[in-house]
Amino acid sequence: MVKFKSRPSTPNGKPAKRPRMAYMEDSDEERTPVKAGKKNLESPKKRMKSAAPVSGKQHAIQEQRKLLPIAQGRDALIHEIRENDVTVLIGETGSGKTTQIPQYLLESGLAGKGMIAVTQPRRVAATSLANRVAEEKNTEVGKLVGYSVRFDETSSEATRIKYVTDGMLVRELLSDPILSRYSVIIVDEAHERTLRTDILMANLKAIQQKRNKPTDRKGKGPAAALSPLKIVIMSATLDAEKFSSFYNKAKILYVKGRQHPVTIYHTATSQADYVDSALRTFFQIHTDRPPGDVLIFLPGQEDIEGLSSSIQLYANRLPQATPGVLLCPLYAALPPGQQTKIFSPTPKGMRKCILATNIAETSITIPGVKYVIDTGKCKEKRYIARSVGSGFDTLLTRDITKSSAMQRAGRAGREGPGFCFRLYTEDAFKNMPLSAEPEIRRCTLTASLLQLKCLGQDLEELEFMDKPDEENILSALAALYILGALDDKKALTKNGRDMAFLPLEPYLARVVLAARELGCVREILDIVSVLSSNSKLFFDSADQRDAALEARTKFRHSSGDHFTILNVVRSFDEIAKTETNAGKKDWCHKTYLNFRCLTEAVAIRTQLKEVCERMKIDWTASCGDNEQPVLRSLVRGLVQNAAFLQPDGSYKQVMGPSIVKIHPGSVLCDKKIPAIIYDELVYTTNIYARGVSAVPRSFIAEVPVLNHRKA
DNA sequence: GAGCACTGC
């Protein structure tokens, strides 16, 4: 039995005055509430009438819009944004800020002749928001309202509101450094502080200084013809002051959300085994509480699989009268077919139990959840910079942050009053950091540094909300130098510019450029496309491990994972010649390959071929069955990731001090290979090299930069 | 002997 404190507490840790407190409702912060002001431009009624011919569905949509919490503050919001160059808007979940504000700004004429961009950290968000807003505007997406994400652009000359991924806008800087097409840029989900959001926010500050300078508008300097830029930063409640002070004390506005009350319980004592506590808590809910689905937050796949089978075991032993349990695991690497189960309605007399990673915190909203069990744990990727180019990523379980805990609790109150059981004490909650450290402080900066170099900027000089770590910058500089993207004066080389032009990680871009010299671009594009796909090529869940290994043996290649990938892609291409989409899917299913990964890889490859053509790279050049050019190309990009076998069977980095092991998922695991190169190094239970190939030692020695360093 | 989540002309 897990003991929870009998008195529930509020999500932000303050004692509950009322037993059922609305999520995020109380706060002592001084706020500028947004209310319908007197400076109304037009009455709400008039506004709705002006919309296109009103069908029944349209009417319902417009009625719904009027009911959104943000609707009553419309005119005041427009007024504030008109008066201020930068506005920080804090909007709680369900306020409607992301769909409504762009429309308000357009309707008020505030955008002038320019476009309104709304940035999102995730692709799905950008596309689905554009669809939603187009529907509200009673038009097709791609006309007045459009979107732009990688591989998928739906916008036109007529587009005035464009939903884009933040990465897309950063890319756009390369061709249009002052983002001249836009008159308003709305940065949404700014609190997530992704690397791209931070780079964008730093650039926006500089761009606005250029575009809004009064002296320039009088006709002096190059900015004379520039139209001013409005910036709106939108975020969840935390960190408002930080955004505001970054933009010279920008005005902060608050919009209320619409969220059902969530009652929160903390455990009385801290729990040694969070998986076991989650198991007990689930059955306490299942036997004591009324119907409603349960969402359990766990750090990763391993815990999800473990807890899932324990729950199944105990559920089978319950008395017949107890409702059945429908288990739904949910993590990114799960085959999509098994993810859809979550959205289908819970069968009568059953209780759905969703076991999810962080993916359910922001990316996927699950209907019907009434109870949340929060283990208080997550996994975090963190780059450890080590002297010259020998850093590695860690992926370790750690405690979550306050903002994450609040987000998780909020997932219980989407459709009605809910309950959140935190498997940690109230003190533990109070001691959590407010929000996660921004990515710019904990991720590899190599790709961003290269992009900035192309803009004539530098990580050291650009003004960021949080400064990147010195060691991390040095490590990125070293990496780019080794790849030949920067010269010894830290200046961008021709090679570097070409690398930035390719939509690939710098090291993979270098592999493609090497393949150009060695005449094996065709093979390299096949490999690189899979490596830069988001999803994994091979599925691996505990229950089907042996069958999967068996089905895949025909792809295994003795020189390692890169050639194994090439074999898979070649087979898939063969199948694709004759099979329909369903046939390809079926083939993937039988061989335990991820259809999504291969589909994405094919899209990336197509894009890379187009880019190659523009760069005058012959992508049809092939080396046939000669493996040497392919391995040489890989070595050129992965030279930092080379390791030699030691007498004791371990591997030692060539350019760093670490002892590494070959990841168990690699085809070269347990093999004794004199020299290897690898895609990445991840520290979990050991320092593991993932994506490994065997290469002749001489290939590593012949890379120019190593000769340099010896000389 | 093992894989949090995202993104890109």
Side-chain angles (χ1 to χ4, degrees), chain A residues 119-126 148-153 164-176 189 192-197 199-200 297-305 330-334 356-364 375 377-382 393-398 400 404 407 436 439 442-443 447-448 450-451 454 499-506 508-509 532-542 545 549 594 600 603-604 606-615 661-666 669-670 680 682-691:
Chain A
T119 72
Q120 294 293 320
R122 283 168 292 278
R123 293 162 52 94
V124 271
S148 177
V149 300
R150 190 183 185 187
F151 307 128
D152 197 1
E153 159 121 33
V164 298
T165 46
D166 46 16
M168 203 65 183
L169 216 51
V170 172
R171 266 278 158 186
E172 206 167 318
L173 283 171
L174 291 180
S175 57
D176 180 6
E189 313 284 5
E192 289 188 27
R193 301 292 308 279
T194 69
L195 188 49
R196 291 161 300 280
T197 299
I199 287 173
L200 185 63
F297 281 102
L298 290 152
Q301 183 182 342
E302 195 185 349
D303 286 334
I304 288 174
E305 284 174 349
L330 178 65
Y331 46 88
L334 196 73
T357 59
N358 257 347
I359 197 171
E361 211 179 283
T362 47
S363 305
I364 295 181
T375 58
K377 302 286 177 189
C378 67
K379 281 197 185 181
E380 188 189 66
K381 199 169 193 170
R382 182 172 281 272
D393 284 319
T394 62
L395 188 58
L396 299 173
T397 301
R398 56 166 293 165
I400 59 169
S404 196
Q407 183 73 24
E439 279 183 3
R442 60 183 169 90
C443 290
S448 301
L450 181 60
Q451 268 184 336
C454 287
M499 281 163 60
F501 203 70
L502 289 159
L504 291 168
E505 292 289 334
L508 291 179
S532 52
S533 157
N534 290 315
S535 29
K536 290 196 182 66
L537 182 55
F538 302 112
F539 287 126
D540 209 355
S541 62
R545 199 151 294 166
L549 271 176
N594 189 351
E600 200 186 333
I604 293 170
T606 307
Q607 187 189 24
L608 289 175
K609 285 175 181 174
E610 286 165 13
V611 176
C612 279
E613 274 168 20
R614 262 181 280 155
M615 295 172 73
K661 286 186 174 178
I662 296 180
H663 193 277
S666 167
C669 186
D670 297 329
E680 57 176 352
V682 181
Y683 177 74
T684 51
T685 54
N686 276 291
I687 302 180
Y688 284 114
R690 284 205 293 219

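By convention in this document, chain letters (A, B, ...) are assigned in the order of the sequence lines, proteins followed by strands, and residues within each chain are numbered from 1.
Here A:Y688 does not reach the OP1 or OP2 of B:dG1: none of its side-chain N or O atoms lies under 4.0 Å away. At B:dA2, none of the side-chain N or O atoms of A:T684 fall inside 4.0 Å of OP1 or OP2 (strictly under the cut-off). At the phosphate of B:dG8, OP1 or OP2 sits under 4.0 Å from a side-chain N or O atom of A:R123. Under 4.0 angstrom from either OP1 or OP2 of B:dG8 there lies at least one side-chain N or O belonging to A:T165. The side chain of A:T685 contributes an N or O atom lying less than 4.0 Å from OP1 or OP2 of B:dA2.
Nucleic acid contact class of A:E505 (heavy atoms, under 4.0 Å, all strands): base. Within the nucleic acid shown, A:R196 comes within 4.0 Å of at least one base atom, counting heavy atoms only. Counting non-hydrogen atoms under 4.0 angstrom, A:R614 reaches a base of the nucleic acid. The residue A:E439 sits close to a base: some heavy atom pair falls under 4.0 Å.
Taking atom CG on A:N686 and atom P on B:dG3, their separation rounds to 10 Å, with Å as the unit. Separating the CZ atom of A:F151 from the C1' atom of B:dG8 is a distance of 8 Å, rounded to the nearest angstrom. In this structure, A:K661 atom NZ and B:dG3 atom P are separated by 12 Å, rounded to whole Å. Here B:dA5 presents its P atom at 18 Å from CZ of A:R382, a figure rounded to the nearest Å. B:dA2 atom P lies 12 Å from atom CG of A:D670, rounded to whole Å. For the pair A:D303 CG and B:dC4 P, the interatomic distance rounds to 9 Å; values are reported in whole Å.
The side chain to side chain contact (heavy atoms under 4.5 Å, CB included) test with A:D166 singles out one residue from A:E192, A:Q120, A:E189, A:R196, and that residue is A:R196.
Judged as a side chain to side chain donor-acceptor pair (under 3.5 Å), and not counting sequence neighbours, A:N594 has no contacts. In this view, A:A356 and A:L295, A:L330, A:I354, A:A360 satisfy the side-chain contact (heavy atoms from CB on, under 4.5 Å) rule, not counting sequence neighbours.
Among the nucleotides B:dC4, B:dG3, B:dC6, the one closest to the side chain of A:T357 is B:dC4. Minimum atom distance to the side chain of A:R150 is reached by B:dG8, of the listed B:dG3, B:dC6, B:dG8. With B:dG3, B:dA5, B:dG8 as the choices, the nucleotide that has an atom nearest any side-chain atom of A:V149 turns out to be B:dG8. Nearest nucleotide to the side chain of A:P664, out of B:dA5, B:dG3, B:dG1: B:dG1.
Between A:L330 and A:V170, the residue anchored nearer the 5' end of DNA chain B, judged by the nucleotide with its closest heavy atom, is A:L330.
A salt bridge is absent between A:E302 and A:K379: the closest approach of a Lys/Arg side-chain nitrogen to an acidic carboxylate oxygen does not fall below 4.0 angstrom.
Between the side chains of A:T362 and A:Q407, not a single donor N or O lies within less than 3.5 Å of an accepting N or O.
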